[in-house]
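Letters go in sequence order (proteins before strands), and every chain restarts at 1.
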2 protein chains.
Amino acid sequence: MTEKLPSKDMLALCDAMDILNGKWKIAIMCSLSQKKKRFKELQRDVGKVTGKMLSKELKELEMNELVNRYVLNTKPVTVEYELTSYGKTLEKVIMELVSWGLRHRKRILRKK
Amino acid sequence: MTEKLPSKDMLALCDAMDILNGKWKIAIMCSLSQKKKRFKELQRDVGKVTGKMLSKELKELEMNELVNRYVLNTKPVTVEYELTSYGKTLEKVIMELVSWGLRHRKRILRKK
DNA sequence: CTGTATCCACCTTGATACTG
DNA sequence: CAGTATCAAGGTGGATACAG
């Protein structure tokens, strides 16, 4: 069993990265992991993402069945987004990233 | 304690993403997590990354103290890369990504 | 072998204005 | 509020040639 070049792990990793690529996808999913949110809420929560990017990345997440989109019949239209059950399978990854990021911040501050 | 806009988690997440952004960084670290590798080995292992990109991303990883670079005194110069102990703190995140990717692949094949 | 330098096509992102 | 259209700008990444 000689380890051949593109290992299965590497391919899997690339698959995962393809789906999560984009500047805001992880942040969006992180925000949604707490609770469902409306478009504008999401925008405020994620930070300085433009409506265009938020819209685009949400659409991609929806296509990959990581996020559900619900249009509500309100006066000015309201749209809610939430993680699908499949999207929730990524929560563990995201939480690991967050906790690493928190540790990393402390480290940075120490050295600064 | 009203939850204010850019939550600490979100900031931490963005910090982490900043460091890991780039098409190949995660793949590089994944490959190095198995064992230290030379430049060319790494290139073969990661897949179809060009030397330029590999070099650039390795440099960035080095700057963030995630990877160590050793130049060996061999005839044609040899360089070895390995994860720093700090870089290893990211292994958990990477493994989660890989395992998610593996599950995701199965899911895709089923639906195809 | 391990890079760096240059050129360049392409894509991503942002700003802004606009629609329903 | 939610989303789209358009334009501009910068970054990304590939090919190639070359240096140490």
Side-chain angles (χ1 to χ4, degrees), chain A residues 5-6 10 13-29 31-32 35-64 66-83, chain B residues 5-6 10 13-15 17-32 35-64 66-83:
Chain A
L5 304 187
M10 193 60 70
L13 190 55
C14 291
D15 285 352
M17 298 307 287
D18 279 352
I19 286 175
L20 298 177
N21 78 355
K23 200 167 176 177
W24 309 102
K25 289 211 180 61
I26 307 257
I28 292 169
M29 295 195 61
S31 173
L32 286 180
K35 63 180 181 64
K36 74 170 73 151
K37 295 212 171 79
R38 288 177 302 108
F39 188 88
K40 208 64 181 181
E41 285 180 298
L42 211 37
Q43 187 168 10
R44 272 190 297 265
D45 202 39
V46 168
K48 36 191 292 319
V49 61
T50 60
K52 171 188 170 182
M53 291 312 298
L54 186 54
S55 173
K56 179 196 153 208
E57 306 225 319
L58 279 168
K59 209 178 295 176
E60 290 168 2
L61 289 173
E62 204 189 340
M63 278 175 17
N64 284 312
L66 295 173
V67 163
N68 275 143
R69 179 177 181 272
Y70 299 111
V71 181
L72 278 59
N73 257 356
T74 50
K75 183 61 180 317
V77 64
T78 301
V79 182
E80 283 186 345
Y81 293 91
E82 68 177 11
L83 292 191
Chain B
L5 304 187
M10 194 59 71
L13 190 54
C14 292
D15 285 351
M17 298 308 287
D18 278 351
I19 286 175
L20 299 178
N21 78 355
K23 201 168 178 178
W24 309 102
K25 289 213 180 61
I26 308 257
I28 291 169
M29 295 196 61
C30 179
S31 173
L32 286 180
K35 61 182 182 65
K36 73 171 72 153
K37 294 211 172 80
R38 286 179 303 109
F39 188 87
K40 207 65 180 182
E41 285 181 298
L42 211 38
Q43 186 168 11
R44 271 189 299 265
D45 202 40
V46 167
K48 35 192 292 319
V49 62
T50 60
K52 171 187 170 184
M53 291 313 298
L54 185 54
S55 173
K56 179 193 154 210
E57 305 225 320
L58 278 168
K59 208 177 297 177
E60 290 168 3
L61 289 173
E62 205 191 339
M63 279 177 15
N64 283 312
L66 296 172
V67 163
N68 274 145
R69 179 176 182 273
Y70 298 112
V71 181
L72 277 59
N73 257 358
T74 50
K75 183 60 180 321
V77 64
T78 302
V79 183
E80 282 186 346
Y81 293 91
E82 68 177 11
L83 293 190

Rounded to whole Å, please give me the gap between [atom1] in [X] and [atom2] in [N].
X        : N       : atom1 : atom2 : value
Leu54(B) : dT12(D) : CG    : C1'   : 15 Å
Asn73(B) : dG20(D) : CG    : C1'   : 14 Å
Lys37(B) : dG3(C)  : NZ    : C1'   : 20 Å
Glu60(B) : dG3(C)  : CD    : P     : 14 Å
Asn21(A) : dG11(D) : CG    : P     : 19 Å
Met53(B) : dC11(C) : CE    : C1'   : 13 Å
Leu72(B) : dG20(D) : CG    : P     : 21 Å
Gln43(B) : dT4(C)  : CD    : C1'   : 14 Å

May I ask you to test the [X]-[Y] pair for a side-chain heavy-atom distance under 4.5 Å?
X        : Y        : result
Leu83(A) : Leu66(A) : no
Ile28(B) : Val49(B) : no
Lys23(B) : Met53(B) : no
Val77(B) : Leu72(B) : no

Taking the minimum atom-to-atom distance to the side chain of [X], which one of [options] wins?
X        : options                  : answer
Val79(A) : dG13(D), dT4(D), dA2(D)  : dA2(D)
Phe39(A) : dG3(D), dT2(C), dT13(C)  : dG3(D)
Glu57(B) : dA2(D), dG3(C), dG13(D)  : dG13(D)
Lys40(B) : dC1(C), dG3(C), dA2(D)   : dC1(C)
Val77(A) : dC1(D), dT13(C), dT12(D) : dC1(D)

Check every strand shown and say whether [X] touches a base, only sugar-phosphate, or nothing at a heavy-atom separation below 4.0 Å.
X        : result
Lys75(B) : nothing
Lys59(A) : sugar-phosphate
Lys23(A) : sugar-phosphate

Whether [X] contacts [N] is assessed here as follows: a side-chain N or O lying under 4.0 Å from the phosphate OP1 or OP2. Is that the case?
X        : N      : result
Arg38(B) : dT2(C) : yes
Arg69(A) : dG3(D) : yes
Ser55(A) : dT4(D) : yes
Tyr81(B) : dC1(C) : no

(request) Write down the atom of Leu54(B), the atom of Phe39(B), and the distance for their closest heavy-atom approach. (result)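 Taking Leu54(B) first and Phe39(B) second, the nearest heavy atoms are CD2-O, 3.6 Å.
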(request) Would you kindly compare Trp24(A) and Pro76(A) by the position of their nearest DNA chain C nucleotide and give the one closer to the 5′ end? (result)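 Nearest-nucleotide comparison on DNA chain C picks Trp24(A).
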(request) Please check if the side chain of Glu82(A) supplies one atom and the backbone of Asn68(A) the other of a donor-acceptor pair under 3.5 Å. (result)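 Not a single qualifying donor-acceptor pair exists.
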